[in-house]
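All remarks here apply to the structure that follows.
Sequential numbering from 1 along the given sequence is applied to the chain's residues.
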Amino acid sequence: MKKFFGNILILAFCLNGVLACTTPKDEAKEVVDIIYKVNNYWQAQNPKHGRSFWDNAAYHTGNMEAFFLTGDSKFMDYSKAWAEHNEWKGAKSDDKAEWKYSYGESDDYVLFGDYQICFQTYADLYNIEPDSQKIARAREVMEYQMSTDKNDYWWWADGLYMVMPVMTKLYKITNNPLYLEKLHEYWAFADSLMYDPEDALYYRDGKYIYPKHKSVNGKKDFWARGDGWVLAALAKVLKDLPEDNAYRQEYIGRFRAMAKAVAACQQPEGYWTRSLLDPEHAPGPETSGTAFFTYGLLWGMNNGYLDKATYQPVVEKAWTYLTTVALQPDGRIGYVQPIGEKAIPGQVVDANSTANFGVGAFLLAACEMVRFLN
């Protein structure tokens, strides 16, 4: 009888509009619908496949996550067609003597992380339908790189997202422990170059370290998308790293420290500005950094690394921004800062500002939101 009257009371509240009568499963379905809307729009607008460089490849990391969540084979087929278009390669030079890893977009920049992020998707596709040719080039490149005496391959924050997950994915496939040792060695170099322990955030690269470089108001200038790349990279590494790995606690500690720092500089409207600690440097919303942060924070809660009471209000505000401001009625994702390496004063970012990597980041966040609601 109590249960009956309780249900009547809830129904009465619902009919009067006092309570929103939706369950987490209803909300999860709404998010899945958003994933389809966004991804179907992007793929319809981009039927031709581009090169294997970072911007396209970052989209495909989100598209593959959408496949893993929904099981919809058309998402997987889109990434597979892109991989085949690029011959399962990044940069295509076969002359190891000319392989480089400073910034460049030609085929000799084989060791540059922006041409290695594609290996994440190739590894995912291999795991779905194993075929050694899908990861042959990935293994050739990464195992050559690990055979060198260099450790300064990751000299910009973006590179951590581009390649750290490649190394954990290939470790899971090959069981070669060198992948995890070199992962930590390269990460330690990146830390020594770009990490600010006082603020628990990363400068984009060595050019932006304070006080050599300052924001317009004389503050430290941490670029939102750059730190978004790093938080997302740590989530992906922890997902695939063995529980008994010697460096696991170090990565967890960094992930938690960054999460705390990121949450502290969220704007009241739910987004993060392009310069994290100086909102006036480049004011207004930006989607790619916001989406990567949302993904990382949701993943941390979903996997027991972040406290829900602390971080759920942060992601709820961020998700409201992503779905009511960034998401446009036709499925386009707006307010994505164009390709670049810093927060630029005066640069216009609006509802028409979209990009492949921004869509990928949105899909990652949306998939984790579904898992959170479920």
Side-chain angles (χ1 to χ4, degrees), residues 38 41-42 45-46 50 53-62 103 105 113-114 117 156-162 194 201-205 207-208 213-217 219-233 258 261-262 265-297 317-328 331-366:
V38 168
Y41 175 85
W42 181 262
Q45 296 295 312
N46 296 274
F53 206 47
W54 73 269
D55 56 328
N56 289 321
Y59 161 76
H60 284 279
T61 64
Y103 183 87
E105 301 184 23
D114 283 7
I117 178 178
W156 75 118
D158 321 30
L160 301 185
Y161 183 84
M162 309 306 166
M194 297 177 285
L201 294 168
Y202 284 77
Y203 297 103
R204 195 273 180 176
D205 60 52
K207 298 192 299 293
Y208 297 100
H213 168 84
K214 299 177 183 178
S215 72
V216 292
N217 291 309
K219 298 180 181 180
K220 294 178 180 179
D221 186 15
F222 297 108
W223 181 44
R225 187 158 71 232
D227 278 279
W229 290 125
V230 180
L231 189 70
M258 281 197 76
V262 163
C265 53
Q266 184 185 32
Q267 299 304 300
E269 299 86 354
Y271 60 80
W272 281 265
T273 52
R274 284 162 275 175
S275 184
L276 292 174
L277 301 187
D278 188 353
E280 297 308 313
H281 180 85
E286 199 284 311
T287 297
S288 62
T290 297
F292 279 125
F293 290 146
T294 306
Y295 162 69
L297 297 176
K317 286 196 296 182
W319 186 245
T320 298
Y321 160 76
L322 289 171
T323 52
T324 64
V325 179
L327 175 62
Q328 305 305 304
R332 185 174 73 257
I333 297 299
Y335 294 93
V336 179
Q337 184 189 2
I339 289 175
E341 62 177 42
K342 61 184 177 182
I344 303 171
Q347 183 182 44
V348 175
V349 175
D350 59 23
N352 294 312
S353 304
T354 194
N356 40 16
F357 54 86
V359 176
F362 184 97
L363 292 172
L364 287 171

Taking the side chain as everything from C-beta on, heavy atoms only, tell me whether Val336 gets closer than 4.5 Å to Val349.
no
Reported CG-to-CZ distance for the pair Leu277 and Phe222, which is rounded to 0.5 angstrom
6.0 Å
Trp223-Tyr208 aromatic ring centre distance below 6.0 Å
no
For residues Asp278 and Asp221, determine if any side-chain heavy atom of one lies less than 4.5 Å from a side-chain heavy atom of the other.
no
Can you check whether Tyr295 reaches Leu231 side chain to side chain, under 4.5 Å on heavy atoms?
no
Measuring only between side-chain heavy atoms, which start at C-beta, is Gln267 closer than 4.5 Å to Pro279?
yes
For the NZ atom on Lys220, are there more than 12 heavy atoms of other groups (residues, nucleotides or ligands in this structure) within a distance under 6.0 Å?
yes
Contact between Trp42 and Asn356 at the side-chain level, heavy atoms closer than 4.5 Å - yes or no?
yes
Determine whether the aromatic ring centres of residues Tyr271 and Trp319 are separated by less than 6.0 angstrom.
no
Checking the side chain of Asp350 only, and the main-chain atoms of Asn352 only, is there a donor and an acceptor separated by less than 3.5 Å?
yes
Thinking salt bridges, do Glu286 and Arg274 make one under a 4.0 Å N-O criterion?
no
Any residue meeting side chain to side chain contact (heavy atoms under 4.5 Å, CB included) with Phe53, in chain and number order, not counting sequence neighbours:
Arg51, Asp55, Tyr103, Glu105, Phe112, Asp114, Tyr115
Provide the closest heavy-atom pair for Thr273 versus Ala224 in the form atom of the first, atom of the second, distance.
O-CB, 3.3 Å
I need the minimum non-hydrogen distance between Ala282 and Ile344, along with the two atoms involved.
CB-O, 3.9 Å
Residue pair Gln337, Gln347: steps toward the side-chain contact (heavy atoms from CB on, under 4.5 Å) verdict
CA-CA 9 Å; Gln337 184 189 2; Gln347 183 182 44; 3.2 Å; yes
Thr290 side, atom OG1; Trp272 side, atom CH2 - distance, nearest 0.5 Å
6.0 Å
Over 60° means perpendicular and under 30° means parallel, so tell me whether Trp54 and Trp229 are parallel, tilted or perpendicular.
perpendicular
What's the separation between atom CG in Asn46 and atom OH in Tyr59, rounded to the nearest 0.5 Å?
8.0 Å
Tyr161/Thr61 under side-chain contact (heavy atoms from CB on, under 4.5 Å): CA gap, chis, key distance, verdict
CA-CA 10 Å; Tyr161 183 84; Thr61 64; 2.8 Å; yes
Should Leu364 and Thr294 count as side-chain neighbours, where that means a heavy-atom distance under 4.5 Å?
no
Calculate, to the nearest 0.5 Å, the distance between atoms CG and CE belonging to Leu160 and Met194 respectively.
5.0 Å
Closest heavy-atom contact between Ala343 and Ser275?
CB-N, 3.7 Å
State which residues pass side chain to side chain contact (heavy atoms under 4.5 Å, CB included) with Gln45; sequence neighbours excluded, sorted by chain then number.
Tyr41
Just wondering, do Gln266 and Tyr321 contact through their side chains at under 4.5 Å, heavy atoms?
no
Which pair of non-hydrogen atoms, one from Ala291 and one from Ala365, has the smallest distance, and what is that distance?
O-CB, 3.6 Å
Decide yes or no on side-chain contact (heavy atoms from CB on, under 4.5 Å) for Val230 and Phe292, but give the supporting numbers first.
CA-CA 9 Å; Val230 180; Phe292 279 125; over 6 Å; no
Any Glu341 side-chain heavy atom under 4.5 Å of Lys207 side chain
yes
Taking all non-hydrogen atoms of both residues, which atom of Pro285 and which atom of Tyr335 are closest, and how far apart?
CG-CD2, 3.7 Å
I need the minimum non-hydrogen distance between Ala351 and Gln328, along with the two atoms involved.
CB-OE1, 3.7 Å
Taking atom NZ of Lys317 and atom CD of Glu269, what is their separation to the nearest 0.5 Å?
8.5 Å
Should Thr320 and Val325 be marked as a side-chain contact (heavy atoms from CB on, under 4.5 Å) after you check the CA-CA gap, both sets of side-chain angles, and the distance that decides it?
CA-CA 8 Å; Thr320 298; Val325 179; over 6 Å; no
Gap separating the CG atom of Asp205 from the CG atom of Asp158, nearest 0.5 angstrom:
8.5 Å
